[in-house]
Protein chains: 2
Amino acid sequence: MKKDSKLSSVLHVLLHMAHSDRPLTSDELSGYLQTNPVVVRRTLAGLRELGYVEAVKGPGGGWTLDCDLAQVTLRDIYDAVGSPGVFAMGHREENPQCLVEQAVNGALDQAFREAEALLIRRLSGVTLADLSADFNRRYQAHPRRKAPHAH
Amino acid sequence: MKKDSKLSSVLHVLLHMAHSDRPLTSDELSGYLQTNPVVVRRTLAGLRELGYVEAVKGPGGGWTLDCDLAQVTLRDIYDAVGSPGVFAMGHREENPQCLVEQAVNGALDQAFREAEALLIRRLSGVTLADLSADFNRRYQAHPRRKAPHAH
DNA sequence: CCAATATGTATCATTGTTTGTTACATGAAA
DNA sequence: TTTCATGTAACAAACAATGATACATATTGG
């Protein structure tokens with residue numbers, strides 16, 4: 001099944017923005033993700049509406065962070081990109097009257113709910129600042145690299 | 001994102017088989033799932049190869065269970081249908097050299113791994129016999145229903 | 001004011017996966 | 001030998017995610 005990479009992509013560009021001292025254009029960001037500038041704008045539109053990032057038009061414009069990295073968790077970003085369904089599995093509403101199906105779905109739903117709850121807890125426990133610090137650690141470990149982010 | 005319902009579907013038909021005293025044809029089973037007989041055969045083919053079910057050709061033929069319900073867990077069935085990817089989210093291999101991406105993916109992977117491990121644990125803790133018992137409880141609670149499974 | 005740059009967004013094309021369908025071969029039973 | 005059933009390949013349809021194009025809007029700086 002095809003995987004939705006919105007969350008990963010958004011975090012990727014947010015971190016790049018965190019380590020940039022000037023606005024980054026959709027064009028530049030799309031280069032990092034090897035995608036299209038329009039896709040970037042589309043994806044970041046939600047974050048802009050929620051006030052996590054700011055977009056400025058015109059020359060010298062682009063995207064900048066507009067939040068406290070230490071206050072925003074991965075869960076916030078997950079919500080911001082639309083809280084996409086966590087699981088690739090589910091069940092159609094085949095026939096909810098069927099007692100057999102009710103039994104099956106009940107058992108599966110229980111397991112899936114618990115797993116999703118754990119995932120959300122874990123995402124809530126990591127801030128963008130944590131990610132940024134993690135990046136810095138990796139950078140210290142590879143100081144020879146010319147650019148902090150090889151693209 | 002579209003959800004894969006193979007696991008749910010397979011469990012559904014397995015339980016029907018568990019409560020039937022004769023082989024059920026792909027045609028009948030496809031009726032329960034509101035799908036196509038060929039899809040059923042395709043999906044159950046894996047379970048047949050693993051010995052969980054048996055398929056008999058010819059008049060009076062069809063599908064029957066060929067395992068101990070108390071010994072087979074939902075996790076076994078999950079594996080039997082191909083252990084489809086659990087999550088609808090992921091990350092492309094955009095640019096693994098990028099330290100930013102490494103930091104992001106590291107954090108996400110950690111959270112996803114834990115959630116998946118919990119899901120597998122939960123699935124391992126439920127047997128087909130448990131599901132069958134659950135069905136029976138539901139049936140006791142609705143004794144007026146003419147057929148044990150309304151289809 | 002105007003040219004250049006950048007986002008905002010609607011629309012359409014492309015791609016890939018899943019599911020459904022058709023067709024036909026194989027095998028078993030009466 | 002007819003009928004009923006599975007086994008499977010091949011193809012069609014449906015759908016969602018992604019990419020691309022076009023153009024409007026806003027801002028900067030000469």
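Side chains are part of it too, since the values below use all heavy atoms of this structure and drop only hydrogens, waters and symmetry mates. All chains are named by letter (A, B, ...) in the order of the sequence lines, taking the proteins before the strands, and each is independently numbered beginning at 1.
Every pair tested for side chain to side chain donor-acceptor pair (under 3.5 Å) that includes a residue from residues 44-60 of chain A fails, sequence neighbours excluded, so the list is empty. For the ring pair (Phe, Tyr, Trp, His ring centres under 6.0 Å) condition, the pairs that include at least one residue of residues 98-130 of chain B, sequence neighbours left out, are B:F87-B:F112.
Contact check of residues 35-43 of chain B against DNA chain C (heavy atom, cut-off under 4.0 Å) returns B:T35, B:N36, B:V38, B:V39, B:R42.
For B:R48 and D:dT6, the shortest distance from a side-chain N or O to OP1 or OP2 is not below 4.0 Å. Taking 4.0 angstrom as the limit, A:S26 places a side-chain polar atom (N or O) nearer than this to OP1 or OP2 of C:dT7.
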Under 3.5 Å between N/O atoms: give me all the protein pairs with nucleotides 26-30 of chain D, atom names plus distance.
residue, atom, partner, partner atom, Å
D:dA26, O4', A:K57, NZ, 3.3

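When the side-chain contact (heavy atoms from CB on, under 4.5 Å) test is applied to A:A133, the partners found at least two apart in sequence or on another chain are A:R137. Judged as a side-chain contact (heavy atoms from CB on, under 4.5 Å), and not counting sequence neighbours, the contacts of B:P37 are B:S26, B:D27, B:S30, B:R41. With sequence neighbours excluded, no residue forms a salt bridge (charged side-chain N to carboxylate O under 4.0 Å, His left out) with A:D76. Applying the salt bridge (charged side-chain N to carboxylate O under 4.0 Å, His left out) criterion to A:R121, with sequence neighbours excluded, gives no partner residue. For B:D79, the salt bridge (charged side-chain N to carboxylate O under 4.0 Å, His left out) partners are B:R75, not counting sequence neighbours. Judged as a salt bridge (charged side-chain N to carboxylate O under 4.0 Å, His left out), and not counting sequence neighbours, B:E116 has no contacts. Residues that satisfy the side-chain hydrogen bond (donor to acceptor under 3.5 Å, both in side chains) test with A:N136, not counting sequence neighbours, are absent from this structure.
The side chain of A:T25 has C:dA6 as its nearest neighbour among C:dA6, D:dT18, D:dT6.
When the C1' atoms of four end pairs are superposed on the next four at each end of the helix from C:dC1-D:dG30 to C:dA30-D:dT1, using five pairs per end, the two resulting axes differ in direction by 0°, to 10°.
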